[in-house]
Asker: 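My questions will all concern the structure given below.
Worth knowing before you read on, the calculation uses all heavy atoms, side chains too, and leaves out hydrogens, waters and symmetry mates.
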Amino acid sequence: MAGRLVSQGRLREWAGHYTFNNGKAYFAKGRVEELTVTAAGATATVTGRGPEPYQVRLELTDTRMNGLCSCPQGKKGFFCKHCVATALAWMAQPERPRMPDPAPESPAPKIPASKVRAPKIPAPKIPPPKVSDARLRAFLSTRDVTWLVEELIGAAGTVPALRARLEGAAFLEVGAVPEAEDLRRRLTEAAEGARADPLEEKAEWFGAFEATLAEVAVLATNGLVPAAIELAEYAIDLLVPYAEGHGFLVGLALARAWGIHMTICANVHPDPVALADRLVDLALVTGEPPADMVCGYAVPLGEVGADRLRNRVERAWRFLRSEPDEFTEDDLATLMRLREQTAAHEGGSKALIALLGADEPSKQDILRIAWALVVERKDKKVVEWIRRGLEERDGDADLRDLGARCLLRMDERREAVKMLWPVFIDTPSLASYRSLAEAAGEHWPRWRGRALDLLRDRLAGSGDRDRNAVLVEILLWEGDIEGAREAAEGCDLSEYLRLRLRQAREGAAGT
């Protein structure tokens with residue numbers, strides 16, 4: 001098919017970085033509706049922040065894509081985020097948008113020989129002064145893309161090495177690699193299976209999607225690295241609309257796509273500045289960047305890429321403060337997580353405390369600070385922060401469990417048990433009972449008696465027929481089969497627990 005494919009790179013140039021990023025987020029969250037596509041344009045409605053959706057119209061010329069939108073930015077003539085979202089929706093269609101080839105120039109009219117005049121001999125010209133690289137770069141940065149393309153094509157026609165370099169880069173574009181196009185199509189089809197129900201169909205979808213992701217990784221090993229990286233990012237974008245409310249398999253597939261992207265980048269070290277930009281874009285689009293993103297990409301980013309990522313995040317954070325309507329609460333949370341990751345990676349717990357350690361840090365803030373201190377083996381500091389958090393959250397199991405682990409490493413068993421005891425009182429279970437046993441060590445017999453007495457007293461005052469299920473689980477774990485049988489009498493146990501009890505009794509009878 002004639003015409004050049006519209007790429008995300010071109011779209012970013014036309015819209016600008018922030019607008020492209022916001023438009024990509026709108027597309028990923030399914031805000032583009034009523035998309036209608038023709039050979040030369042597209043129309044759609046895009047849900048924004050207002051009560052009424054915005055009307056968008058796109059038109060293709062031989063040099064760019066023009067956009068019209070009913071939003072305030074669009075009325076000013078800008079290629080707004082709603083235009084970007086609509087363009088991305090159009091690019092996701094089987095027939096992707098292509099800019100038409102320029103119309104052929106009309107041949108020059110023939111002039112009769114009788115009217116041809118001898119050419120004038122121009123006066124000799126003084127050679128232009130030599131231009132520095134800095135001045136040349138400044139000049140080129142102001143030129144139109146079409147002019148730059150034509151100049152490059154003309155130069156490539158006389159310099160074979162330049163032509164070969166440009167052709168190699170063009171070959172590595174995703175749209176020019178047949179295998180990549182096939183993988184893109186299969187990823188798109190497989191993503192539809194994320195809606196599947198019941199679980200058996202979902203598992204089948206996950207297997208197909210994971211197998212296609214594995215082929216994306218193989219594409220990178222075959223030398224088609226840019227195509228593989230873009231396809232991994234495309235897979236992440238595809239899964240975003242299904243990430244909420246579609247079960248753990250979608251989340252696992254999203255993690256696998258991130259993992260493949262991280263592995264490819266770690267092995268081939270792409271341009272660090274471009275990688276930093278892509279990571280921030282992907283994080284804002286998904287809203288759920290990997291917990292180890294900054295650390296996991298540290299090697300391919302290097303110092304230059306890490307600086308770029310940090311600056312991008314901080315600029316976006318400041319922009320959010322000055323233009324709150326341009327971001328959502330999810331964007332705020334994502335940027336905050338990236339700031340935390342960057343601070344912890346570059347400055348450790350000290351930098352994270354400076355960022356999060358306000359007068360009233362949240363539970364999640366305290367947990368993040370505590371885990372950063374755990375990595376640095378500063379157990380005493382961990383316990384101090386957790387006790388600070390427990391002043392307002394006395395029964396918080398997450399904080400208490402982490403604090404108890406650190407106390408045990410400090411050989412403070414009595415304090416570890418005291419840290420865990422309120423959890424067992426609040427939510428008695430086999431897990432909290434086992435944590436107590438591990439913490440108490442040689443002092444467990446005394447604490448065991450207290451735990452079982454408390455549990456039996458609480459069960460005796462309960463009218464639930466399944467009240468003894470926790471006690472049955474605990475006694476089975478301890479090997480007290482007869483005690484578990486007595487506790488199970490007159491109790492409604494789950495089928496799984498009844499099976500475990502029967503198997504334990506049969507096993508004891510066999511011995």
Side-chain angles (χ1 to χ4, degrees), residues 5-9 11 24-25 27-30 32 88-97 171-268 270 274-275 278-279 281-283 285-290 292-293 296-297 300:
L5 283 171
V6 176
S7 67
Q8 289 196 20
L11 202 58
K24 195 172 183 181
F27 165 66
K29 293 175 182 177
V32 180
L88 290 171
W90 187 4
M91 291 163 66
Q93 301 301 305
E95 290 294 330
R96 297 170 63 192
F171 176 76
L172 293 179
E173 282 284 338
V174 173
V177 182
E179 306 98 307
E181 281 295 281
D182 179 61
L183 286 172
R184 178 188 289 272
R185 175 186 56 78
R186 287 161 56 195
L187 284 170
T188 305
E189 294 173 353
E192 290 297 319
R195 304 177 187 272
D197 200 38
L199 183 59
E200 290 77 10
E201 294 181 13
K202 233 173 218 185
E204 183 179 346
W205 158 79
F206 176 75
F209 199 86
E210 189 177 38
T212 310
L213 281 175
E215 293 186 49
V216 171
V218 172
L219 204 65
T221 63
N222 291 337
L224 302 176
V225 174
I229 289 177
E230 185 170 340
L231 283 169
E233 294 171 3
Y234 181 68
I236 293 171
D237 286 343
L238 282 173
L239 292 172
V240 170
Y242 310 110
E244 295 182 7
H246 288 279
F248 72 96
L249 284 179
V250 175
L252 183 57
L254 193 56
R256 293 284 174 83
W258 270 108
I260 286 175
H261 186 268
M262 188 180 295
T263 301
I264 295 172
C265 292
N267 289 335
V268 301
L275 175 60
R278 287 199 300 270
L279 290 178
D281 291 342
L282 284 171
V285 166
T286 62
E288 288 292 337
D292 63 342
M293 189 181 88
Y297 286 96

Asker: Between L88 and Q8, is there a side-chain heavy-atom distance shorter than 4.5 Å?
Answerer: yes
Asker: Looking only at non-hydrogen atoms, find the nearest pair between I264 and A228 and report the distance.
Answerer: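 Taking I264 first and A228 second, the nearest heavy atoms are CD1-CB, 3.9 Å.
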Asker: List the atom of P97, the atom of W90, and the distance in Å for their closest heavy-atom pair.
Answerer: CB-CE2, 3.5 Å
Asker: For the residue pair A217 and I260, what are the closest heavy atoms and their distance?
Answerer: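 Minimum heavy-atom separation between A217 and I260: CB-CG2, 4.2 Å.
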Asker: Working to the nearest 0.5 angstrom, can you tell me the gap between D292 CG and W258 CH2?
Answerer: 10.5 Å
Asker: Using the side-chain hydrogen bond (donor to acceptor under 3.5 Å, both in side chains) criterion, which residues pair with Q93? Sequence neighbours excluded.
Answerer: none
Asker: Of all heavy-atom pairs between F27 and A89, which one has the smallest distance, and what is that distance?
Answerer: CE1-CA, 3.5 Å
Asker: Between A235 and A257, what is the shortest heavy-atom contact and its length?
Answerer: CB-CB, 4.3 Å
Asker: Atom CD1 of I236 and atom CG of L187: how far apart are they, to the nearest 0.5 Å?
Answerer: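 The CD1 atom of I236 sits 11.0 Å away from the CG atom of L187.
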Asker: Under a 4.0 Å threshold between the charged nitrogen and the carboxylate oxygen, would D281 count as salt-bridged to R278?
Answerer: no
Asker: Only one of L279, L213, L231 forms a side-chain contact (heavy atoms from CB on, under 4.5 Å) with H261, so which one is it?
Answerer: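 Between H261 and the candidates, side-chain contact (heavy atoms from CB on, under 4.5 Å) is satisfied uniquely by L279.
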